[in-house]
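Accompanying notes for the structure given below.
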Amino acid sequence: MTTFPPCPGCSGAYTYEMGALLVCPECGHEWSPSAQSADGASGSRVIKDAVGNVLADGDTVTVVKTLKVKGSPSGIKAGTKVRNIRLVDGVDGHDIDCKVDGFGAMQLKSSVVKKV
């Protein structure tokens, strides 16, 4: 029987393999076993922008395509600068937490931004 590492999200011991991912049934966290470093920490996650540049907390990015925003007639225009981003484990691929001028706090996908 193969022993899997504990969940990096909740430290649960009941992790199991589902395809190429490891899954925690206690908190629902899914992760790639190759993304986990040798000491068991999952801090080696790398997030890249639309053109392949590595992003970090505090970076300034530019939106590369016009984005629709629910409740806004115009949305976020391509070329809008977003300052001081934070990288998060978001929902549905939204891995950037930021404040966009004129729209407020929101989450963006790294695939729609380019590092300045």
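Start at 1 with the first residue, then count along the sequence. Source: prediction; values computed, not measured.
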- Task: Apply side chain to side chain contact (heavy atoms under 4.5 Å, CB included) to the pair Met106 and Val100, showing each step before the final yes or no.
- Result: CA-CA 7 Å; Met106 63 176 49; Val100 180; 3.9 Å; yes
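Side-chain contact between Leu22 and Pro5: present, with at least one pair of heavy atoms (C-beta onward) separated by less than 4.5 Å. Two residues are said to be in side-chain contact when any heavy atoms from C-beta on lie closer than 4.5 Å; His29 and Pro8 meet this criterion. Taking 4.5 Å as the limit, some side-chain heavy atom of Met18 sits within range of a side-chain heavy atom of Glu30. Residues Cys7 and Tyr14 form no side-chain contact, since every pair of their non-hydrogen atoms from C-beta on lies 4.5 Å or further apart. The closest side-chain heavy-atom distance from Val82 to Val63 is below 4.5 Å. A 4.5 Å side-chain heavy-atom check between Val69 and Phe103 finds at least one atom pair inside the cut-off. The closest side-chain heavy-atom distance from Leu55 to Val113 is below 4.5 Å.
The CD atom of Gln107 lies 5.0 Å from the CG atom of Asp97; values are rounded to the nearest 0.5 Å. Taking OG1 of Thr80 as the start and CG of Leu108 as the end, the distance is 10.0 Å to the nearest 0.5 Å. Atom NZ of Lys114 sits about 15.5 Å away from atom NZ of Lys65, to the nearest 0.5 Å. In this structure, the separation between CZ on Arg83 and CG on Asp101 is 7.0 Å, given to the nearest 0.5 Å. For the atom pair CD1 (Ile96) and OG (Ser111), the distance works out to 8.5 Å, reported to the nearest 0.5 Å.
The environment of OH in Tyr16 is crowded: more than 12 heavy-atom neighbours from other residues, nucleotides or ligands sit within 6.0 Å.
Between Lys115 and Asp59 there is a salt bridge, since at least one side-chain N of the basic residue sits less than 4.0 Å from a carboxylate O of the acidic one.
Nearest heavy atoms, Cys10 versus Cys24: SG-SG, 3.6 Å.
Test Ile85, Leu87, Asn53 against Ile47 for side-chain contact (heavy atoms from CB on, under 4.5 Å) and you get one pass: Leu87.
The closest side-chain donor-acceptor pair between Asp49 and Ser110, if any, does not fall under 3.5 angstrom.
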